[in-house]
Amino acid sequence: MLGVRCLLRSVRFCSSAPFPRHKPSAKLSVRDALGAQNTSGERIKVQGWIRSVRSQKEVLFLHVNDGSSLESLQIVADSSLDSRELTFGSSVEIQGQLVKSPSKRQNVELKAEKIKIIGNCDAKAFPIKYKERHPLEYLRQYPHFRCRTNVLGSILRIRSEATAAIHSFFKDSGFVHIHTPIITSNDSEGAGELFQLEPSGKLKVPEENFFNVPAFLTVSGQLHLEVMSGAFTQVFTFGPTFRAENSQSRRHLAEFYMVEAEISFVNSLQDLMQVIEELFKATAMMVLSNCPEDVELCHKFIAPGQKDRLEHMLKNNFLIISYTEAVEILKQASQNFTFTPEWGVNLQTEHEKYLVKHCGNIPVFIINYPLAIKPFYMRDNEDGPQHTVAAVDLLVPGVGELFGGGLREERYHFLEERLARYLDLRRFGSVPHGGFGMGFERYLQCILGVDNIKDVIPFPRFPHSCLL
């Protein structure tokens, strides 16, 4: 018994004895480390990829980036460290003290105490080369690596910020977000350029549809938004859409993202145009505010002069001209067009870009298109022999058409004359309503000045190309 008491006393003594303990290193992103206010030696841990290695006689310098910011964090280590495996592209975990940097190039640096290599990278075999500014065309060959470059990293951070800004705009404006289906049995655009779905393998049964009707990848969420606009006065969706259009142009993709909205109790195009202009400007302002370094990189290296062009767009009210006025401007132009402008024919990209330039490189709304060239659901203006509908497109510098929309025909007898589709929606509690759609990638092209749409989406899909 005496022996047990002695043992217990020993245990108490040992457990209460003080012993040194290192405070666990706080894990920080590179962005948070660069913005840290406390630079008095706080121990932190960062993880990321090596962007550069520079070895001096007594000191080893690394720059590490984790995608959270354009700027990398400078790591200072002892030169005695074996740096042979610390190569460009290698992934690492570094623990050390965050201190104020004596250099004017950065505010802070990480004094490394421990460097752990997570994944090696053979810099010679790696297709992305250190200090080499690869053309965007070259990077498209490597969709699995191009996100590690500064330029694509900046574009993708801007894309993320613009996505959040669009959701924020609609939420603050009282819109309800609707998840419209990707698989659909309708063709909202009526263009016939759809990807049809069929089950593969053993599930495929000849002459039998999986859904009992032909099914396609969606080209638009408009029909489903119109359904929802019978219960909610303001709705929007933001998701992928698909077009089986055999085009290799710089403006087209087979898979892209669309922002679409539908608003009930709208009686004029002016109401729609106001929302469109506010959405364009609010999103751009938030991107400029939250991603200044990333936007500056794009404007400096991809599109010099784009900063001034964007500021010009944001500070001016968007212009409005009718389709008829637009055709007259094109007919009087001294420029020779590939496609001759005529009333009753769709405007081509060359026409759209000329009109924007004619209007002082300010975004311009084109309104009241001929009924014959717009979908059946556009509201009839009942304007005599010309016979136009309340449709609107927004044309922007460098891109051409960015938004397309209009008032929907809510009057039953007008639709009955055209075709029976949508009639049930018009028979039961119909209201005047309208909506619009915006190609998200084209929006990014517009604000950043990126010439090719394939460079503003993570994994571009287009004819004869579906890498990864």
Side-chain angles (χ1 to χ4, degrees), residues 175-176 178 180-182 184-194 213-214 216-239 241-243 245 258-276 322-323 344-347 365-384 386-394 401-439:
F175 282 72
V176 175
I178 303 296
T180 54
I182 290 176
T184 180
S185 59
N186 79 84
D187 174 12
S188 295
E189 297 290 321
E193 298 161 343
L194 302 106
V213 293
F216 312 92
L217 293 179
T218 184
V219 297
S220 170
Q222 181 197 318
L223 172 61
H224 305 96
L225 287 185
E226 281 205 56
V227 171
M228 293 298 166
S229 71
F232 308 95
T233 57
Q234 298 185 118
V235 291
F236 82 101
T237 191
F238 188 173
T241 52
F242 307 85
R243 303 279 171 91
E245 186 175 356
M258 282 280 285
V259 179
E260 298 178 275
E262 202 73 24
I263 308 170
S264 298
F265 301 100
V266 169
N267 292 295
S268 74
L269 283 178
Q270 185 61 48
D271 295 332
L272 280 184
M273 292 188 287
Q274 182 177 342
V275 176
I276 290 171
S322 70
Y323 169 87
V345 178
N346 278 312
L347 299 178
F365 290 107
I366 310 295
I367 63 172
N368 298 331
Y369 282 78
L371 180 145
I373 64 173
K374 285 296 178 180
F376 69 91
Y377 48 74
M378 292 296 184
R379 198 176 200 276
D380 195 326
N381 283 329
E382 299 180 87
D383 53 356
Q386 285 191 323
H387 210 177
T388 65
V389 291
V392 58
D393 289 339
L394 177 66
E401 181 192 344
L402 177 60
F403 284 81
L407 302 183
R408 315 307 187 197
E409 185 58 83
E410 86 286 357
R411 295 166 296 185
Y412 187 91
H413 67 280
F414 275 87
L415 285 176
E416 192 174 28
E417 291 172 5
R418 299 179 194 174
L419 68 162
R421 197 174 173 189
Y422 285 4
L423 292 184
D424 276 351
L425 292 177
R426 271 59 178 180
R427 288 170 60 197
F428 304 105
S430 181
V431 299
H433 61 290
F436 58 82
M438 177 188 78

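Only heavy atoms go into these numbers, but all of them, side chains included; no hydrogens, no water, no symmetry mates. Sequence positions, counted from 1, serve as the residue numbers for this chain.
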Working to the nearest 0.5 angstrom, can you tell me the gap between Met378 CE and Thr388 OG1? 12.0 Å
CG on Leu272 to CZ on Phe403, rounded to 0.5 Å: 11.0 Å
Distance-minimising heavy-atom pair for [X] and [Y]:
X: Leu217; Y: Thr184; result: C-CG2, 4.3 Å
X: His224; Y: Pro181; result: NE2-CG, 3.4 Å
X: Ser264; Y: His433; result: CA-CB, 3.8 Å
X: Ser220; Y: Glu260; result: OG-OE2, 2.6 Å
X: Arg408; Y: Phe436; result: NH2-N, 3.8 Å
X: Asp393; Y: Gly404; result: OD1-CA, 3.4 Å

Taking side chain as C-beta onward, heavy atoms only, is Leu394 less than 4.5 Å from Glu401? no
In chain order, what residues pass the side-chain contact (heavy atoms from CB on, under 4.5 Å) check against [X], with sequence neighbours excluded?
X: Pro214; result: Gln196, Asn209, Phe216
X: Gln274; result: Glu278
X: Asn267; result: Pro432

Leu194 and Phe242: side chain to side chain contact (heavy atoms under 4.5 Å, CB included), yes or no, with the steps? CA-CA 7 Å; Leu194 302 106; Phe242 307 85; over 6 Å; no
With a 4.0 Å cut-off, would you call Lys374 and Asp380 a salt bridge?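 No, no charged N to carboxylate O under 4.0 Å.
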Sequence-distant partners of Asn368, side chain to side chain donor-acceptor pair (under 3.5 Å), two or more places apart: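 Once residues adjacent in sequence are excluded, the partners of Asn368 under the side chain to side chain donor-acceptor pair (under 3.5 Å) criterion are Asn381.
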Could I get the full list of side chain to side chain donor-acceptor pair (under 3.5 Å) partners for Asp271, not counting sequence neighbours? Ser268
Carefully, step by step, assess Arg379 and Val389 under the rule side chain to side chain contact (heavy atoms under 4.5 Å, CB included). CA-CA 5 Å; Arg379 198 176 200 276; Val389 291; 6.0 Å; no
Show your working on side chain to side chain contact (heavy atoms under 4.5 Å, CB included) between Val392 and Ile367 and close with a plain yes or no. CA-CA 4 Å; Val392 58; Ile367 63 172; 3.8 Å; yes
Tell me which donor-acceptor pairs under 3.5 Å the side chains of residues 228-239 have, and how far apart each pair is, sequence neighbours excluded?
| residue | atom | partner | partner atom | Å |
| --- | --- | --- | --- | --- |
| Ser229 | OG | Glu226 | O | 2.7 |
| Gln234 | NE2 | Ser173 | O | 3.1 |
| Thr237 | OG1 | Ile178 | O | 2.9 |
| Thr237 | OG1 | Thr180 | OG1 | 3.1 |

Checking Tyr323 now: which residues fulfil ring-ring contact (aromatic ring centres under 6.0 Å, His included) with it, not counting sequence neighbours?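 With neighbours one apart ignored, the set is Trp343, Tyr369.
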Could you check whether any side-chain N or O of Arg243 sits under 3.5 Å from a backbone N or O of Glu193, counting only pairs where one atom can act as donor and the other as acceptor? no
